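I have placed the structure first, in the form of structure tokens, so that the comments after it can refer back to it.
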Amino acid sequence: MKIEALITAIAVCVSSAAYASDECTSELVDVKLEQAKEAIQIIGQNDPDLMFAVVSEFQENITVAKASVEMAPLCETYDAVIAAVEG
């Protein structure tokens with residue numbers, strides 16, 4: 001299913017992030033990863049169509065974030081998924 005593929009993509013991205021930023025550390029990325037997983041599950045339970053839209057946008061954003069030498073784009077990408085639950 002798409003959720004498992006997304007979680008795998010997130011894990012690969014996090015494991016390849018060997019760099020750190022003062023504001024977005026690898027520890028913070030790990031926390032945000034768990035929050036993003038929970039957010040995707042909540043969205044999927046409440047609105048499967050929205051979940052597919054969020055997952056699609058997330059996959060595009062994670063590709064850009066992985067290309068960055070900073071960790072901040074990873075945190076921003078996870079924050080966007082987490083915010084989708086609220087909004």
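All residue numbers refer to positions in the sequence shown, counting from 1. Quick note: numbers below take in every heavy atom, side chains included, and nothing from hydrogens, waters or symmetry partners. Keep in mind that what you see is a predicted model, and the values were worked out from it rather than measured.
Following chains of ILVMFWY side-chain contacts shorter than 4.5 Å, one cannot reach M71 starting from V64, and the two form parts of different hydrophobic clusters.
Looking at residues two or more places apart in sequence or on another chain, you find no side chain to side chain donor-acceptor pair (under 3.5 Å) involving E57. Taking the side chain to side chain donor-acceptor pair (under 3.5 Å) definition, one finds that E27 meets it with T25, sequence neighbours left out. Under the side-chain contact (heavy atoms from CB on, under 4.5 Å) criterion, Q35 pairs with V31, K32, I82, not counting sequence neighbours. In this structure, E76 has no salt bridge (charged side-chain N to carboxylate O under 4.0 Å, His left out) partners at least two apart in sequence or on a different chain.
Contacts classified as disulfide (SG to SG under 2.5 Å) and involving residues 31-69 (residues at least two apart or in different chains) are not found. Residue pairs satisfying the disulfide (SG to SG under 2.5 Å) criterion with at least one member in residues 27-82, sequence neighbours excluded, are listed as follows: C24-C75.
Residue I43 comes nearest to V81 through the heavy atom pair CD1-O, 4.2 Å, listed as atom of the first residue, atom of the second, then distance. Taking all atoms of both residues into account, the shortest heavy-atom contact from F58 to T77 is CE1-CG2, 3.3 Å.
Taking CD from E38 and CG from L33, the interatomic distance works out to 10.0 Å, rounded to the nearest 0.5 Å. If you take CG on D30 and OH on Y78, they are separated by 8.5 Å, rounding to the nearest 0.5 Å. The CG atom of L74 lies 10.0 Å from the CG atom of L28; values are rounded to the nearest 0.5 Å.
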